[in-house]
K.L.:
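Have a look at the structure that comes next, please.
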Amino acid sequence: MKLEEIYKSESPVITFEVFPPKKETSIDELFEHLSVLKRFNPALISVTYGAGGSSRDKSSEIVSRIKSQLGITPMPHFTCVCSSRDFIKDYLMRTEAEGIENILALRGDEPQEIDVCYRDFRYANELVEFIRSQTSLSIAVAAYPECHMDCGDISVDIENLKRKVDAGASVIYTQLFFENGYFFRFMDLLEKASVNIPVVPGVLPVSGYAQLQRMTGMCGARVPDEVDKFFSRYKDDEESIRKAGTEFAIRQSQELLAFGIKGLHFYTLNKSAQICDILDSVL
Ligand code: FAD
């Protein structure tokens with residue numbers, strides 16, 4: 001089903017994100033977890049993509065299996081950084097030929113080790129425009145409630161987000177955040193900028209203190225002092241921090257749903273148990 005249809009739903013749309021595991025054998029493990037998560041009727045499962053094409057084959061295999069094995073709509077992520085126009089066109093043609101209907105169009109970050117870096121596409125809005133001109137895929141894009149790391153001004157970042165919407169994006173998925181206030185302020189700014197497509201917050205269930213620091217360091221999301229204090233109490237106690245992370249994600253999701261969002265996008269980290277605990281409480 002296409003994104004536009006999916007987000008016509010009156011009830012909140014549940015979606016999951018997974019990534020290509022490093023080990024080949026873990027793809028089967030990933031599908032065991034996804035089979036468990038299937039009971040929540042996810043509208044789609046998105047699959048990340050290594051910028052520059054590093055995980056392309058595994059991402060494509062997972063996308064195909066989500067469709068054929070689970071009967072769930074897949075949404076491949078795709079980055080344009082360092083890729084040539086021909087490569088991108090070929091990827092898009094193959095994706096459509098496989099019957100994939102949606103794509104998350106991203107710029108990505110330039111990989112540190114790459115032989116040749118093409119400059120055919122500089123920003124994601126150019127990729128959105130290209131996908132729109134070459135295919136009938138429905139297009140999602142990324143957004144950053146706390147502002148993208150390369151951009152010092154949220155209003156400029158929103159102007160750039162608007163370029164992606166004007167180029168043909170149908171849905172926005174956000175970076176993870178730990179303070180709903182950032183998201184609410186962002187929604188206010190989007191309304192003022194007349195961005196009217198569905199905005200779906202990304203929720204990361206915390207399952208370890210080191211993981212929290214690593215992931216927020218990578219994506220630039222802030223950990224407010226009170227959130228840090230909340231989790232740092234359980235630093236070395238895996239079971240307690242997982243429990244605290246579950247409780248935190250339940251509260252965060254309930255508050256977001258009360259605000260009236262169109263859906264929740266869970267960063268599953270390729271696991272199911274914690275997501276089950278959260279959704280059993282939230283839905
Ligand atoms: P853009 O929208 O191009 O924005 C990048 C920066 O450039 C911003 O600072 C923006 O303000 C600025 N900018 C945008 N357009 C213009 C313009 N026309 N002129 C001047 N400045 C401009 N990365 C991966 O490698 N693989 C993934 O699978 C992946 N999945 C993601 C999923 C989600 C939901 C999110 C939120 C991020 C994901 N990322 C992924 C990370 C993403 O690739 C990085 O955050 C990247 O730095 C920006 O990508 P973008 O598509 O948001 O870029």
Side-chain angles (χ1 to χ4, degrees), residues 3 13 15-21 44-60 62-63 66 74-83 88 91 95 102-114 117 119-131 139-178 182-183 186 189-190 193 195 197-204 215-221 261 263-270:
L3 287 166
V13 173
T15 56
F16 299 129
E17 179 174 311
V18 299
F19 58 84
L44 64 78
I45 299 175
S46 80
V47 184
T48 67
Y49 180 92
S54 55
S55 63
R56 185 183 51 161
D57 292 345
K58 269 192 201 165
S59 292
S60 297
I62 295 167
V63 165
I66 288 171
M75 179 172 70
H77 298 200
F78 183 68
T79 65
C80 59
V81 69
C82 289
S83 293
I88 291 174
Y91 174 89
T95 300
N102 309 301
I103 190 163
L104 175 54
L106 299 148
R107 182 196 70 177
D109 296 312
E110 199 168 314
Q112 283 177 345
E113 283 169 28
I114 190 156
C117 182
R119 305 283 173 199
D120 292 0
F121 293 82
R122 291 167 309 152
Y123 296 107
N125 65 293
E126 297 165 16
L127 177 64
V128 175
E129 204 176 312
F130 188 66
I131 297 172
I139 306 167
V141 290
Y144 307 83
E146 299 176 59
C147 196
H148 184 263
M149 284 211 281
D150 298 351
C151 185
D153 182 339
I154 187 82
S155 57
V156 174
D157 207 31
I158 287 178
E159 271 170 39
N160 289 328
L161 172 61
K162 202 164 175 339
R163 290 178 209 268
K164 301 194 272 194
V165 178
D166 293 343
S170 302
V171 179
I172 293 167
Y173 289 90
T174 80
Q175 186 57 275
L176 60 94
F177 52 88
F178 290 102
Y182 302 143
F183 179 78
F186 185 63
L189 293 171
L190 290 188
V195 173
I197 62 174
V199 182
V200 184
V203 175
L204 173 77
M215 295 211 48
T216 51
M218 253 160 46
C219 73
I261 45 152
L264 287 167
H265 186 62
F266 286 96
Y267 295 108
T268 67
L269 303 184
N270 292 3

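What you see is a predicted model; the values in this text were computed from it and never measured. Just follow the structure's listing: the first ligand is 1, and inside any ligand the first atom is 1.
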K.L.:
When you look for heavy atoms under 4.0 Å from ligand 1, do you find them on the side chain of F121, its backbone, both, or neither?
P.N.:
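For F121, there is no contact with ligand 1 at all, from either part.
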K.L.:
Taking 4.0 angstrom as the limit and counting only heavy atoms of R163, give me the atoms of ligand 1 inside it, by number and element.
P.N.:
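It comes down to these atoms of ligand 1: 17 (C), 18 (N).
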K.L.:
Could you check if a side-chain atom of Q112 sits within less than 4.5 angstrom of a side-chain atom of I114, using non-hydrogen atoms only?
P.N.:
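The answer is no; the side chains never approach within 4.5 Å.
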K.L.:
What residue and heavy atom of the protein are closest to atom 46 (C) of ligand 1, and at what distance?
P.N.:
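Checked against all protein heavy atoms, atom 46 (C) of ligand 1 sits closest to D109 OD1, 3.4 Å.
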K.L.:
Does the ring center of F177 lie less than 6.0 Å from the ring center of F183?
P.N.:
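Centroid separation for F177 and F183: below 6.0 Å.
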K.L.:
Just which atoms of ligand 1 are under 4.0 Å from any heavy atom in D157?
P.N.:
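Near D157, the atoms of ligand 1 are 8 (C), 9 (O), 10 (C), 11 (O).
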K.L.:
Is atom 4 (O) of ligand 1 less than 4.0 angstrom from some protein heavy atom?
P.N.:
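Flag for atom 4 (O) of ligand 1 set to false, no protein heavy atom closer than 4.0 Å.
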K.L.:
Applying a 4.0 Å heavy-atom criterion (strictly less than), which segment of Y144 is in contact with ligand 1: side chain, backbone, both, or neither?
P.N.:
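For Y144, only side-chain atoms sit under 4.0 Å from ligand 1.
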K.L.:
What part of R107, side chain, backbone, both or neither, has a heavy atom within less than 4.0 angstrom of ligand 1?
P.N.:
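Contact part for R107 vs ligand 1: both backbone and side chain.
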K.L.:
Please determine whether any non-hydrogen atom of L104 lies less than 4.0 Å from an atom of ligand 1.
P.N.:
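Within the 4.0 Å threshold, so yes.
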K.L.:
Please confirm whether D150 comes within less than 3.5 Å of ligand 1 when only nitrogen or oxygen atoms on both sides are compared.
P.N.:
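Not met; the criterion fails.
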K.L.:
Of the backbone atoms (N, CA, C, O) and the side-chain heavy atoms from C-beta on, which set of T79 has a member under 4.0 Å from an atom of ligand 1: side chain, backbone, both, or neither?
P.N.:
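The answer is the side chain of T79.
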K.L.:
Backbone or side chain, does any N or O of V156 fall under 3.5 Å from an N or O of ligand 1?
P.N.:
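No; every N/O pair is 3.5 Å or more apart.
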